[in-house]
Amino acid sequence: MDRFHELLLDVWREACRHIEIERSVPTIARILAQRMPIHQLVVLAFDGRRAEVEVRAGLRVSPHAGSMLRTLKSTEHRRLLSWARSGEIWKHGDGQSADALRPLLLFQPDMDGGEWLAGPLRNERGPIGALLLRSHPIEGFEPLHAEMLQSLCEPFSAALENDRRVHEINALREAAEADKRSALSRLGRVELNDGIIGADGGLKPVLERVALVARTDIPVLLLGETGTGKEVIARAIHEHSPRREGPFIRVNCGAIPPDLIDSELFGHERGAFTGAASTRHGWFERADGGTLLLDEVGELPLAAQVRLLRVLQEHAFERVGGERPIRVDVRIVAATHRNLAEMVQNGRFREDLWYRITGMPMILPPLRERHEDIPALVEHFAGRAARHFGLIRQRPSADDLHLLTAYHWPGNVRELGAVIDRAAILGDGERLEIAKALGVMPNAAMKPLALAAQPSQSNTLSPSADVASLDAAMRRHIEGALTATHGRVEGPHGAANLLLINPHTLRARMRKLGIDWKRFRSEA
């Protein structure tokens, strides 16, 4: 093996030794100095999206070489990329490609003496940068040195590509951390592993199932009304799974424009369509090794459902405009408040996709069925409101909890959080104005209490009677309201309004207790 091949092998070894190119360049420069009169070495990186050139690594350039950026004019950018695609080596002073390379030399603070050699760095997609060598002021480069630079461009291209990928991963990690902080802010938590409110109450059956499925990779479908905490349960599945160190990505399928769904989910190649100035990684690639939450999956159009089904079946996809399959290892958690079974019957959701994502269905109970969790939730949201608005933390009174428990909560936990925020602001840090936040008049709020204190004569217990069961007390209370409203259930003068309860909930309790409203209507 001749000396040049030994030198090239040493350069390859060093280029592959470190992921960050700035750590490889000093050693490589010393290796090259054995055969070439090198005084300065610079590695430049191209950013095609912004038409920028950056000094990624260099010797004798600047102590802050990595921060040196220059945005090129459109003509400069075109000439530079044209030269880089040609693959030709440029030597300063011979007039060849002078216009194309002149922008690169503007990075150098010291241009006195010496000659320059430049070679393009490329990957399979095109130009990614350039390697610049400067000779000693009293020496120059020979034709042999230009041939050597041609061979050196390959290991430097590999090193720069590795460096670019590291920077991209770091950027994705920072974006994931920003998403995590945003999610924590929305959930009112300090850490993701904070305990879930309701774990020992209304959510206990759900979390028992979470513990069973978390250690597997079976797809999970979360069903429940809006605001019931589907994202919280999805994160719990991720945090208790072997993928906890991987990314957790949430995608709101209903918020993506239909013509961009494929690009958002699966990414696109540069030039795939108008405006695709660079390659974009889709959500599936970003979630590789982790969990992808497809929120509002029922909003996906049928065309996107076909591609999603293929990914779930084959664990591979192609970017928009791409030609090679990309394999991913992603755990899918889907969530929706829609009735997917009914959508399947109506032809608005693919039956085969329905079976694929329903590996383990979980139904999250609405808040009106979790009354035992309301006090703890109110405490949690009151503390969050105090932190957000800079107020003194206030706790709800017994009357406040009575009002909150009697409310129907169509918006579930999300609505409860909004009500507590509103109550904290209305109370100005001195109290929680729950009644005002719910829009309940004080007199109306007291009606159920007054009615309970003055039951009808027919339902009054004798002093010697035993204490009645809860069902019996509730039956008398509802019958007293029906008597006062002459059997009317709904409307402003109905029993539901008097009891501060949703009419549907009241009718369900009347059926359970065997109360016939018609009997009270006939007495009017």
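For reference, positions follow the sequence shown, starting with 1. Values below: every heavy atom of this structure, side chains too, minus hydrogens, waters and symmetry copies.
With values rounded to the nearest 0.5 angstrom, Trp354 atom CH2 is found 10.5 Å from Met343 atom CE. Interatomic distance, Ile425 CD1 to Leu391 CG, rounded to the nearest 0.5 Å: 7.5 Å. Interatomic distance, CZ of Arg370 versus OG1 of Thr405, reported as 12.5 Å (0.5 Å rounding). Note that the CG atom of Leu513 and the CZ atom of Arg476 stand 11.5 Å from one another [nearest 0.5 Å].
Sparse packing is recorded around CD of Glu245, with 12 or fewer heavy atoms of other residues, nucleotides or ligands lying under 6.0 Å away. Surrounding CZ of Phe389 are more than 12 heavy atoms belonging to other residues, nucleotides or ligands, all under 6.0 Å away. Counting heavy-atom neighbours within 6.0 Å of Ile363 CD1, excluding the residue itself, gives a total of 12 or less. Taking a 6.0 Å sphere around CG of Asp200, one finds it holds 12 or fewer heavy atoms contributed by other residues, nucleotides or ligands. More than 12 heavy atoms of other residues, nucleotides or ligands lie within 6.0 Å of CG in Leu302, so this atom counts as buried by the packing criterion.
Leu294 has its side chain within reach of Leu265: a pair of non-hydrogen atoms, C-beta onward, lies under 4.5 Å apart. Two residues are said to be in side-chain contact when any heavy atoms from C-beta on lie closer than 4.5 Å; Val419 and Trp409 meet this criterion. Residues Tyr355 and Val344 have side chains not in contact (no heavy-atom distance under 4.5 Å, counting atoms from C-beta outward). No side-chain heavy atom of Leu401 sits under 4.5 Å from any side-chain heavy atom of Ile434.
For Arg243 and Asp217, the salt-bridge test passes: some basic side-chain N is under 4.0 Å from an acidic carboxylate O. A salt bridge does not link Glu490 to Arg488: none of the charged nitrogens lies less than 4.0 Å from a carboxylate oxygen. Comment: Glu285 does not engage Arg327 in a salt bridge, judged by the lack of any side-chain N to carboxylate O separation of less than 4.0 angstrom. Of the charged side-chain nitrogens involved, at least one lies within less than 4.0 Å of a carboxylate oxygen, so that Arg384 and Asp421 count as a salt-bridged pair. Ion pairing between Glu239 and Arg235 fails under the 4.0 Å rule for side-chain N and carboxylate O. Remark: Glu318 does not engage Arg324 in a salt bridge, criterion side-chain N to carboxylate O under 4.0 Å. Glu264 has a carboxylate O that lies under 4.0 Å from a charged side-chain N of Arg280, or vice versa, which qualifies the two as a salt bridge.
A donor atom on one side chain and an acceptor atom on the other are found under 3.5 Å apart for Arg414 and Thr226. For the 3.5 Å distance criterion, the side chains of Glu161 and Asn123 qualify, holding a donor opposite an acceptor. His268 and Ser263 form a side-chain donor-acceptor contact under 3.5 Å, judged by distance and modelled atom types alone.
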* Under the salt bridge (Lys or Arg N to Asp or Glu O under 4.0 Å) rule, what do Asp262 and Arg307 come out as? Steps first, then yes or no, please. => CA-CA 8 Å; Asp262 283 354; Arg307 295 196 65 180; 3.4 Å; yes
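Of the possible donor and acceptor atoms, none in the side chain of His408 sits under 3.5 Å from a partner among the backbone N and O of Ile501. Remark: side-chain polar atoms of Arg331 are paired, donor with acceptor, to backbone N or O of Thr216 under 3.5 angstrom. Judged by distance alone, with hydrogens and angles left aside, the side-chain atoms of Lys436 form no donor-acceptor pair with the main-chain N or O of Arg422 at under 3.5 Å. Side-chain N or O atoms of Glu372 include one that pairs as donor or acceptor with a backbone N or O of Gly202 at under 3.5 Å. In this structure, Asp163 contributes its side chain and Ile21 its backbone to a donor-acceptor pair below 3.5 Å. Although no hydrogens or angles enter the test, the distance criterion places a donor-acceptor pair under 3.5 Å between the side chain of Asn339 and the main chain of Ala341. Here the side chain of Thr358 pairs no donor or acceptor atom with the backbone of Pro361 at under 3.5 angstrom.
The aromatic rings of Phe248 and His238 sit tilted relative to each other, their planes meeting at an angle between 30° and 60°.
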